[in-house]
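Worksheet: one structure, shown below.
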Amino acid sequence: MILVTGATGLVGRPLIERLVEAGAKVRAVTRDPSAADLPAGVEVVPGDPRQPESIALDGVTSVLLNPRAVGTAAPELLRRAREHGARRVVAMAALNVDFPLERQPSRLRGDFNKEVEQAAVESGLEWVSLRSGCYAFNTLGSWGAQIRAGDVVRGAYPEARWAPLHELDLAAVAAQALLTDALLSRKPVLTGPEALTAPQMVAHIAEATGRPLRYEQVTHDEAVDHLESAGIPRPAAAGFLALEADSYGQRDLVTAEVEGALGRPALPFSHWAALHAPAFTSQP
Ligand SMILES: NC(=O)c1ccc[n+]([C@@H]2O[C@H](COP(=O)([O-])OP(=O)(O)OC[C@H]3O[C@@H](n4cnc5c(N)ncnc54)[C@H](OP(=O)(O)O)[C@@H]3O)[C@@H](O)[C@H]2O)c1
């Protein structure tokens with residue numbers, strides 16, 4: 001039985017679909033089972049991963065740890081899981097967990113990716129830590145409101161590049177890590193297949209939506225304002241922009257880990273943009 005935390009989220013849903021297709025038994029943890037809407041056959045249990053005592057662990061052999069769901073409770077959840085006979089943990093971590101703390105802005109939103117990776121490594125269980133680069137989905141969070149309101153996307157760093165990771169690829173690699181031994185004791189850095197600038201990503205979204213979108217450069221502070229009005233707390237927004245600025249001139253933004261794990265190239269941003277085009281044109 002695979003226990004999935006973060007089951008109803010961006011990565012949890014496609015991961016669970018993969019696991020069910022592979023015939024695995026899945027227990028999905030959610031704070032609200034009535035809203036979970038997960039595939040038939042999945043055992044949906046109420047619980048908050050931040051309160052490990054609230055989670056049914058009988059029969060659990062493997063655990064998928066989503067830092068956003070688990071908060072600071074990863075060591076305790078894994079201790080309990082091990083007591084119940086679990087053998088493996090797969091942590092969703094991030095590419096920047098070895099960066100200085102001020103370059104880990106998602107910590108300001110309660111994602112303790114570094115500590116969750118560490119808890120997995122120190123758990124005494126077989127472990128894998130998936131160090132993801134930026135999700136392609138971030139473009140929806142950062143730019144969705146601007147694109148729904150007009151044809152201009154404003155940002156401060158038009159030449160910054162990153163290699164957006166498709167959530168379907170991350171889910172597929174997580175399934176591999178849970179179901180096979182191929183990634184054991186590794187911390188693969190997962191990225192998309194191509195390093196793109198923001199204007200290039202906007203062009204892909206324009207093509208997918210059929211809209212005449214364009215990128216406009218604004219100051220750092222104005223870009224922070226836009227991210228804040230998209231719901232990203234100001235300190236975190238400033239941190240994300242600092243990471244963008246850091247990417248100037250970097251050459252090694254793309255890894256081959258997704259292809260290595262899945263035996264096919266990572267999905268391009270154009271695929272992601274086509275999949276999510278409706279969300280850029282109508283209210284989510
Ligand atoms: N965005 C990126 O570029 C990036 C890159 C690398 C790593 N990451 C990391 O990936 C993780 C996020 O993964 P994701 O996008 O799949 O997560 P997500 O969709 O935002 O959330 C997953 C689930 O966690 C539960 N959850 C959310 N907030 C919670 C809280 N305060 N307390 C308890 N449960 C909570 C919710 O489930 P229920 O409501 O059903 O309980 C939610 O559906 C974060 O740790 C992030 O730092 C992100």
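By convention here, the first residue in the shown sequence is residue 1. Atoms within a ligand are numbered from 1 in the order they appear, just like the ligands themselves.
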Exercise for the section: Go through the side-chain N and O atoms of Tyr135 and His166 and say whether any donor and acceptor fall under 3.5 Å apart. Expected result: no
Handout entry: Pairwise side-chain contact, Arg27 with Val60, heavy-atom cut-off 4.5 Å (strictly under)
Key = yes
Practice task
Under 4.5 Å between side-chain heavy atoms, chaining through other members, with only Ile, Leu, Val, Met, Phe, Trp and Tyr counted: pull out the rest of the cluster around Leu108, sorted by chain and number.
Solution key: none
Exercise for the section: Show the numbers, then the answer: is there a side-chain contact (heavy atoms from CB on, under 4.5 Å) between Val4 and Leu19? Expected result: CA-CA 10 Å; Val4 178; Leu19 295 175; 4.1 Å; yes
Exercise for the section: State whether a side-chain donor-acceptor pair under 3.5 Å links Trp127 with Glu117. Expected result: no
Handout entry: Close-range residues for ligand 1, whose non-hydrogen atoms fall below the 4.0 Å threshold
Key = Gly6, Thr8, Gly9, Leu10, Val11, Thr30, Arg31, Asp48, Arg50, Asn66, Pro67, Arg68, Ala69, Met92, Ala93, Ala94, Ser106, Asp111, Asn113, Ser132, Gly133, Cys134, Tyr135, Asn138
Handout entry: For the student: nearest non-hydrogen atoms of Asn96 and Arg103, plus distance
Key = ND2-O, 3.0 Å
